[in-house]
There are 2 protein chains.
Amino acid sequence: MVVKTALRFGLIIIALLILFQLSNASLFIPDIPADAVIGLTAVVLIALGIYLGGNIKKPKVIEVKPTLVKDEEKIKSLRISARELEVLQLISDGLSNQEIGEKLFISESTIKTHVSNLFVKLDVKRRTQAVIRAKEWRIIV
Amino acid sequence: MVVKTALRFGLIIIALLILFQLSNASLFIPDIPADAVIGLTAVVLIALGIYLGGNIKKPKVIEVKPTLVKDEEKIKSLRISARELEVLQLISDGLSNQEIGEKLFISESTIKTHVSNLFVKLDVKRRTQAVIRAKEWRIIV
DNA sequence: ATTGCAGTCATACTTAAGTACTAAATTCTT
DNA sequence: AAGAATTTAGTACTTAAGTATGACTGCAAT
């Protein structure tokens, strides 16, 4: 890395020296218009600046969250129903069976049915595992 | 945005014209050495290039995953012990109290003690909530 | 029409989770 | 060394979670 930087700067210095020489020489050669040489030099120098700027400036670092998209195919393949998915999401939100029932206006015993069916489909034994599995398989966000 | 860009380029053109004029003039004024003017011009042009490069070039973007670092300060402030933290992590991994006990070679009743103490410190009622809260507060990864 | 799925609910049960203490041994800390 | 915090473990209990099974309804496809 250090060698690369040194090499780069060496090349830049050589390029600059050549330009200066050319610039000086042109003043005494009438065949080439001085303006053209100056213009060319300007363009080369600006290009050099742009090149240097790209390397000197530290890159912008932005944090990106992994794309949180549900895998609808997986949900279908596991034959998880819409209601079951709702319950699964609420389990993941930390709600108890009773709270889920209240939120969905259905009895706790129905929630238990959904939960049991979910565990079979997700191949887990506990709700904490269900949450992990469901996120692994991108069934819930 | 368009106006801003137009203005910027206008200024750049004016700056260039001034430089060209200066450059031409200096050739006939012996008081100022031609090399100095050329050198100054070079510096200005390179600076201009760097400035332009910063605006024209699309920024280098490095994508990084959100930093998953435990907040040790938070752990201390909540007075969560090392053992409790271990238990918390294993809860988050989906293990039952019994499984956690087996993994740590201690009785399930001890796990229950740790769990209860954790719930008070995390201000939650259930282990599913504990996992959510612990991740919110970056107590576990 | 009947077949099947989704959703609902209930009962009865077992197991796990969680609470509320008490208490002892161990390990830091001062 | 003394005190504080941690870790361990127990008992006794309450509550929540989870299982198994059966039953009823509505709805859509065959």
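Each chain gets a letter, A, B and so on, in the order the sequences are listed, and its residues count up from 1. Note: hydrogens, waters and symmetry copies are ignored here, and every other heavy atom, side chains too, is used.
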(request) Indicate whether the side chain of T110(A) and that of S107(A) have a donor and an acceptor atom separated by less than 3.5 Å. (result) yes
(request) For D123(A) and dG18(D), give me the distance from atom CG to atom C1', rounded to whole Å. (result) 16 Å
(request) List the protein contact pattern of nucleotides 8-16 of chain D with one symbol per nucleotide (5' to 3'): B for base contact, S for sugar-phosphate-only contact, - for none; contact means a heavy-atom distance under 4.0 Å. (result) BBB------
(request) To the nearest Å, give me how far apart CD (E84(A)) and C1' (dG7(C)) are. (result) 9 Å
(message) Using whole Å, what does the distance between atom C1' of nucleotide dG18(D) and atom CD1 of I100(A) come to?
(response) 13 Å
(request) For I91(B) and dA17(C), give me the distance from atom CD1 to atom C1', rounded to whole Å. (result) 10 Å
(request) Ignoring hydrogens and angles, tell me if any N or O in the side chain of R138(A) forms a donor-acceptor pair with the backbone of V69(A) under 3.5 Å. (result) yes
(request) Rounded to 10°, tell me the angle between the two end axes of the helix from dA1(C)-dT30(D) to dT30(C)-dA1(D), each built from five pairs. (result) 50°
(message) Using whole Å, what does the distance between atom C1' of nucleotide dA17(D) and atom CD of E99(A) come to?
(response) 13 Å
(message) In whole Å, I'd like the distance from the NZ atom of K76(B) to the P atom of dA5(D).
(response) 16 Å
(request) Would you indicate whether the side-chain heavy atoms of L90(A) and E99(A) approach each other to under 4.5 Å? (result) no
(message) Counting C-beta onward and ignoring hydrogens, is there a side-chain heavy-atom pair between D71(A) and I139(A) closer than 4.5 Å?
(response) no
(message) Between P on dG7(C) and CD1 on I80(A), what's the gap in Å once rounded to a whole number?
(response) 12 Å
(request) Hey, could you give me the CD1/CG distance between I132(A) and D93(B), rounded to the nearest 0.5 Å? (result) 6.0 Å
(message) Among residues 128-141 of chain B, which ones have heavy-atom contacts with DNA chain D below 4.0 Å?
(response) none
(message) Would a single hydrophobic cluster contain both V124(B) and L95(A), if residues Ile, Leu, Val, Met, Phe, Trp and Tyr are joined by side-chain heavy-atom contacts under 4.5 Å?
(response) no
(message) Keeping R127(A) on the side-chain end and I91(A) on the backbone end, is there a donor-acceptor pair under 3.5 Å?
(response) no
(message) Please report the interatomic distance CG(N97(A)) to NE2(H114(A)), rounded to the nearest 0.5 Å.
(response) 11.0 Å
(message) Run the salt bridge (charged side-chain N to carboxylate O under 4.0 Å, His left out) test on K121(A) and E84(A) for me, step by step, so that the C-alpha distance in whole Å, both residues' side-chain angles and the decisive distance to 0.1 Å come before the verdict.
(response) CA-CA 10 Å; K121(A) 290 170 184 179; E84(A) 284 167 348; 2.8 Å; yes
(message) Counting the atoms with a prime plus P, OP1 and OP2 as sugar-phosphate, which does S116(A) contact under 4.0 Å by heavy atoms, base, sugar-phosphate, or nothing?
(response) base
(message) With heavy-atom distances below 4.5 Å as the criterion, would you say the side chains of Q98(A) and I111(A) are in contact?
(response) no
(message) Could you tell me how far apart I111(A) (CD1) and dT19(D) (C1') are, to the nearest whole angstrom?
(response) 16 Å
(message) Ignoring hydrogens, what is the shortest heavy-atom contact between E86(B) and L104(B)? Give both atom names and the distance.
(response) OE2-CD2, 3.7 Å
